[in-house]
Each structure stands twice: as structure tokens, then as C-alpha cells.
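Okay, structure first, notes after.
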Number of protein chains: 2
Amino acid sequence: MSLSDIASALGVSKATVSWVLSGKGDSRRISQATQKRVKEYAATHNYHPNMLARSLSLGRSKTIGLLISSLSDPFYSSIAKAVVNRAESVGYTVMIATSESDCNKEASLVETFSHRKVDGIITTPTEGADWVDGFTNAGGRLVFADRAVPGSDIPSVVVDNEQSSYRLVSHLIEKGCSKIAMFTTAHNLVNMKARQAGYVRALEDAGIPVDTRLIRDVASVYNQKMVEDELDDLLRQVPDLDGIFFTTHVLVLPTYVHFANRGIMPQGGAGWACFHSLPEFDILLPKMSIARMSIEQLGARAVDLLLESIENGTVSLGTTVTLSCEMMLK
Amino acid sequence: MSLSDIASALGVSKATVSWVLSGKGDSRRISQATQKRVKEYAATHNYHPNMLARSLSLGRSKTIGLLISSLSDPFYSSIAKAVVNRAESVGYTVMIATSESDCNKEASLVETFSHRKVDGIITTPTEGADWVDGFTNAGGRLVFADRAVPGSDIPSVVVDNEQSSYRLVSHLIEKGCSKIAMFTTAHNLVNMKARQAGYVRALEDAGIPVDTRLIRDVASVYNQKMVEDELDDLLRQVPDLDGIFFTTHVLVLPTYVHFANRGIMPQGGAGWACFHSLPEFDILLPKMSIARMSIEQLGARAVDLLLESIENGTVSLGTTVTLSCEMMLK
DNA sequence: CAATATCGCTTAACCGGTTAAGTAAACAAA
DNA sequence: TTTGTTTACTTAACCGGTTAAGCGATATTG
């Protein structure tokens, strides 16, 4: 079933059929009678346009590329979910690829997307993504999600890392904690830096001196031993620890287990505060304070920003949408 | 940069350029000199074919559609990861969509994929997927992952639900358990039925009568209260319970928390056995026996099966690949 | 030396849409 | 009656690839 099939079956031209079926029948003054014939024929024969042909012709594919670090990490798969849902609801289809945080792979996947003529790309960029300029100079539309690349003009959707961290740590202080550790990873990433800044500012505003022994960066979160060594060292050096601020949810469970194994029960997480959450925290650590990122919003806004850029071209350089976290202070 | 651009720049025809760049230069006896000129020009000007045009012309898009229930559930996102990785490695791009287990939405997403001319679809089908016949009769290639539709001829990749369950429950029996509960959900799904069959067979082979009070189906896994009510009732009716077989990993954490809250520590999960795992089980329940599905394999085999069907058409009707689980008996 | 084969390309149709430009017929106004 | 306008279309080019068929020039063969 193609336009030509319909055209020859009804004895009209391809153009007529195309206009009728793309809703331009009236403006191109096709008679009501012909429009009816075409529409009915298309409906009864279940015609649907070949989107490849349409995309080729229009130079727009109604397709976006989503390039994330990983799909096994619930954080990224939630972004994927949000992006897919939003895109779907506005008639776009998502092509998905994972970079595994490998900058070269990322660059090559961007190429693939380009050749497939996606209308734009949403990505959680890796450090030092050097393909960005080439892509945008060639007219590619791009939106960063979760993290911006410092010094870049690309529109992005991020959360208020500094402010939310500040509020989490301030809350711990208000509850009476004064020896609050900060447990982090990949502390050079722009988001982690901002969270650390919030931690530091909260302590300073409360007149508590920042003790660098309390700030712990663990190189590999997925190496349980590394996490435990860091925790052991922390507890040895600061035995009167009374609070922990986790810059990321992935550090919480390994810590929980390590404490539980040593008989130091985390008391439902009172005295703990964490950036972002996992479903199991509700039941495992009901008293932990959490700054919850709305990933649903993050993804949806990223799509909106991208589509605005694609369809209207009205996104100004340097646009950054900053979402606030939902504060669950306990 | 298009074929025509190269052609006119070098004073040759589009056909020549197309043949050279698609590797048919020798078989179409284009002179080495011309081939070199074309290839060098293409390389220095960074030419890459427009995949929309190529797909339209070839009638093959090197694109597959992945239609899963959800992206927030780690099980499905792992399938997505595996499929994306495998597809990528063989030069295919994945379009992704989520049905949220809604059969109508599923059908409409299949339509979308069709119009976009994917070469085939991999899906974890919902119950009563009535679009299947229409899709395959129209020449669509399809592979089911994780669950087959009973009575359907569609190639599928599944795991040995019955056998692995049998081995898990047998292992608990060997360790001395005799009052083993089966905790399940959605027990009418084909996979769940098979797991239940394995449980029953293990008990029968050991000469233990099947006690229906021990078999518990919880309607909504995400409703913590429902899970807890079922557990309370179970413990009331069978206080001397000494083992639990979970037909799915999602039931484990709610149970863990409920037990922990009542001071019944699960002792690292000794006496528990579970179908499939979550990363946190390693640290939370190190003694639980697990039949671990290799989702990496599941996804990869699904892609392989689909590509075989697309590229060679040599997949016979009713092909079912059954993967064995990795048994982690403790 | 004419007939044939081989080489190295080109031409043009096709995939299935979109759309600018053109045209024949009907009707209205001068 | 001639000119102009509107109506309701058609023609044909284009998007950027692929590929069957054709064609002139040189090389080989009888």
C-alpha cells in the first residue's frame, strides 16, 4: 500500500492523495468528493505512510537519539523511561544507544545517529566529549541531561545539586549532628563538585569547621571492598561520627551492609542524608533524608527542550533548566 | 555530502560512486584508479551514506524495534541493555518503546515500528497479544524474549523455568527443609506456572505432600501491605515454616523488610531460594540460593535469532531457545 | 580485417513520499 | 466576446541512495 497504489486505484495523481492524507486537502482545494474517496480508500485498505520515504523527503524523521552511559544502572534507565514516554506522547520515536561512559564509543554512536538522520540527540555526556562542536556545527540539535559540560553553550536540564545538598546537610545539622562525613565518588565530575560545595557551605553557615578527614572519595563504587576500607578508615579516624551525607544513592547500600555486618545498625538511616534514592530505601532506611531528583521531569524537560529547538529553533544558547529536588527531610 | 556531490565533483556518475563505496567496485569492474579517486574523495570529505535513503532503496533499514513492558524495572532494562549491546555490535540500531504491559498500547507501538520499517521486533509480549498474527502475516519478523505465547509459532528465547525451580526447591529439601512455602505473583503467567510446576515436582519427588496453604500468590508486588498481609497469614497458618521459594526476585526485598521489622532475621537468606536476582542480594542475603537468569545471553540470543530470521530466513517455525539458569546453590 | 568479447563506465528507473509549477475547464467580470 | 479568476486537479522534480540495462572504446579472436 503506497500513495501510488491509492492514486492509480482511484484514477487520481500521487500529489492529490498526498495532500489529502496529510491534511492539506482543503488548503490545496481538493474537492470534498475526492477527499472523501481518498480517505475512505486509505482507511479501508489500512494505508500508513512509509516513514522512511517521508523522512527522506521532508528532511525530518520525527526520531530522536538517546545516548546514555548505561542501561543497567537504574538511574540512567529511569532517564530512558522518561525520555521514551515523553517522546512517544508527542509522536517521536526514540533510538537508544549506550556509551558505557566511553568517550570514543559515544562519539561513534553520535555518528551513527547522524547518519540515521535523527532530528536531535539527548545525552548524559561523558567527560571531555569532544564530538559536541562538530555535531552542532553540522546543524545537529543536542540537549544534555543530568549534567552540563562546563563552558559549553548546549542547552541542558540539570538539578540544583548545590542547593539541595546544602539543605540536606543543614537539616542534619539542625537535627543535632556535628561530625558529618561526606561520602562521594568521582568527585571531579561537575555534579559531584556542586554537591560537595553545598556540603561545605552548610557546614560553614553553621559555623562548623570543615574537617577534610570526613570527606571520603571512593574510586570504584562497585568494589565492595574499596567502600568498606574507606568506611573502616573513616570510623577509625573519627569514631564519634554522627552523620553521613552521601553524594549519590549508589553508595548507600554498600555502606548499609557494611554497618549491618559490624553490628552498627543504621537505625533506619536517621543521621543519614542522600542525594537521590532507590526504591528499596523506603523500606530499608525509612528515616534517611533524601533529595529526590524527579527523573520523570528531567527526561520530559529534556525532550521538550530538544523539540523546541528542532521545531521552532527558539532555544537560546546557554539555556539551562534547573530542576529542584523534592526534599524528603526526616 | 551526497553521492551526487561526489559524482559531480569527480566527473563520474552516481552509480560508479555508489558501487565503489558499497564495496562492489571490483565486481562491477570499476578501474582501480577511479576507485581510489572516489574513496579518497569520500574519506577526505567525510562522506557517510544517508541511511534513510539507503533503507528506502534497499527495503532494509538495519534497525530493530525493542518493545518491552517497562524501563523502570531492572529486569526489563537489563534485557534492553543486552539487546542494545548485541544489536550495536552487529551494526543494527535499536528503536525502543515501552508498553507498560498494556496490550493496546503494545499493538499501537508495533504499528509505529512497522511504519518506520524496522527489520524486525523483539518483545516481551503481554498476555493475549492479538497483533501478532497480523504483524507476521504482513511479513514482519518477530522474536519473543523471556516468555513465549503458548500455542504460538513465533521464535522465542526463554529460560528453563521448571527445571531451575525444581533444582532450587530440591536443594532446599536436601539442606533439610520440609515446610517450604512458595511465594509468587501473577501465577497465571506461563513462566510462573512453570516455576510452580518445578516446585511441585521437587516436593513430590522427595515424597513431601504439597500443602496448598504454603502456596501464596500476591496480586500486587508493589503494594507492600498486600505482601505483608500474605506473609502474616502464612506465618499464622504455618508457624513452623522452614523455607521459602520465591518465584521472582521482586518479592524478596519486601519480604526481607517485613521479617526484619518483626525481628525475624532471615539469617542471610539461608532457607530461602529465589528465581533471578538483584545486585543487592549479594550483600543483603548472601546465603540465599538463586537461579540466575543470564539476561545478557537472553538478549543476545534474541537478537541473533531475529537477525537469522531477517538475513537468512532460516528460522523454523516454533523455534524455542531455552537457556539454563546459573544455579547458585548455597 | 571483420566479428566478438571485455572493460569501464553512464543512463535511467526505482524505493515512497513532498511540493512548486503548470494546466484545462468552468465561471465571472469588462 | 474577450479577458481574468477560480477550481480542481496533474506533471515533474526532488530527497539520496541502489541497480538493471545500455553503450562506446579498446582488445581478442577467427
Side-chain angles (χ1 to χ4, degrees), chain A residues 1-39 41-42 45-63 91 112 114-119 138-139, chain B residues 1-39 41-42 45-63 91 112 114-119 138-139:
Chain A
M1 254 301 93
S2 72
L3 276 190
S4 315
D5 294 338
I6 301 182
S8 54
L10 297 181
V12 297
S13 70
K14 269 170 69 177
T16 302
V17 180
S18 171
W19 280 322
V20 170
L21 294 179
S22 53
K24 293 173 194 123
D26 288 336
S27 67
R28 310 257 23 152
R29 350 172 219 219
I30 309 296
S31 69
Q32 296 308 315
T34 302
Q35 290 203 40
K36 187 154 175 265
R37 282 204 307 148
V38 170
K39 283 177 183 163
Y41 191 93
H45 291 72
N46 198 30
Y47 167 81
H48 288 280
N50 179 326
M51 295 304 275
L52 292 176
R54 167 175 280 190
S55 303
L56 178 61
S57 182
L58 288 177
R60 293 261 315 278
S61 60
K62 283 233 171 194
T63 289
T112 304
S114 295
H115 306 156
R116 291 197 176 273
K117 304 295 160 186
V118 298
D119 290 337
Chain B
M1 253 302 94
S2 73
L3 276 190
S4 316
D5 294 337
I6 301 182
S8 54
L10 297 181
V12 297
S13 71
K14 269 170 69 176
T16 302
V17 180
S18 172
W19 280 322
V20 170
L21 295 180
S22 53
K24 292 171 197 127
D26 289 337
S27 67
R28 309 257 26 151
R29 1 176 211 208
I30 308 296
S31 69
Q32 296 308 314
T34 303
Q35 290 204 39
K36 188 155 175 264
R37 283 204 307 148
V38 169
K39 282 176 182 162
Y41 191 93
H45 291 72
N46 198 30
Y47 168 80
H48 288 279
N50 179 326
M51 296 304 276
L52 292 176
R54 167 175 280 191
S55 303
L56 177 61
S57 182
L58 288 177
R60 293 261 314 280
S61 61
K62 284 232 169 194
T63 289
T112 304
S114 295
H115 306 155
R116 291 197 175 273
K117 304 295 162 186
V118 298
D119 290 337

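What you see is a predicted model, and the numbers here were worked out from it, not measured in a lab. Protein chains get the first letters and strands the later ones, always in sequence-line order, with residue 1 at the start of each.
- A/Asp119 contributes a side-chain N or O that, together with a main-chain N or O of A/Lys62, makes up a donor-acceptor pair within less than 3.5 Å.
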Look for any protein N or O under 3.5 Å of an N or O in nucleotides 18-20 of chain D and output each such pair with its distance, or none.
| from | atom 1 | to | atom 2 | distance (Å) |
| --- | --- | --- | --- | --- |
| D/dT18 | OP1 | B/Arg54 | NE | 3.1 |
| D/dT18 | OP1 | B/Arg54 | NH2 | 3.1 |
| D/dT18 | OP2 | B/Ser18 | OG | 2.5 |
| D/dT18 | O4' | B/Ser57 | OG | 2.8 |
| D/dT19 | OP2 | B/Lys24 | NZ | 2.9 |

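- Between the NZ atom of B/Lys36 and the C1' atom of C/dG8 there is a distance of 18 Å, rounded to whole Å.
- Residue pairs meeting the side chain to side chain donor-acceptor pair (under 3.5 Å) criterion with at least one partner in residues 47-59 of chain B, sequence neighbours excluded, are B/Asn46-B/His48.
- At a threshold of 4.0 angstrom between heavy atoms, the contacts of A/Gly11 are confined to the sugar-phosphate backbone, with no base atom among them.
- Residue pairs meeting the salt bridge (charged side-chain N to carboxylate O under 4.0 Å, His left out) criterion with at least one member in residues 5-32 of chain B, sequence neighbours excluded, do not occur.
- Mapping A/Leu56 and B/Ala33 onto DNA chain C by nearest heavy atom places B/Ala33 at the nucleotide closer to the 5' end.
- Rounded to an integer number of Å, the gap from CD1 of B/Ile30 to P of C/dT10 is 8 Å.
- Atom P of nucleotide C/dG8 and atom CD of B/Gln35 are separated by 10 Å, given to the nearest angstrom.
- Contact between the side-chain N/O atoms of B/Arg29 and the OP1/OP2 oxygens of C/dG8 is not found at any separation under 4.0 Å.
- Note: NE2 (A/His115) to C1' (D/dG16) measures 14 Å, nearest angstrom.
- When the P atom of D/dG16 is taken as reference, atom CZ of A/Arg116 falls 17 Å away, rounded to whole Å.
- Side chain of B/Thr34 to main chain of B/Ile30: no donor-acceptor pair is present (N/O by atom type, distance under 3.5 Å, no hydrogens or angles).
- A/Ile6 and A/Met1 get closest at one heavy-atom pair: CG1-SD, 4.1 Å.
- B/Ser13 comes within contact range of at least one nucleobase, with a heavy-atom separation under 4.0 Å.
- Distance alone, capped at 3.5 Å, is enough to place a donor-acceptor pair between the A/Ser22 side chain and the A/Ser18 backbone.
- Residue B/Thr34 is in sugar-phosphate contact alone, with no base atom involved, counting any heavy-atom pair closer than 4.0 Å across all strands shown.
- Annotation for A/Leu10 and A/Val38: closest pair CD1-CA, 3.7 Å, computed over non-hydrogen atoms.
- Whole-Å rounding puts the B/Asn50 CG to C/dC15 C1' distance at 13 Å.
- For B/Ser31, a side-chain nitrogen or oxygen approaches OP1 or OP2 of C/dC9 to under 4.0 Å.
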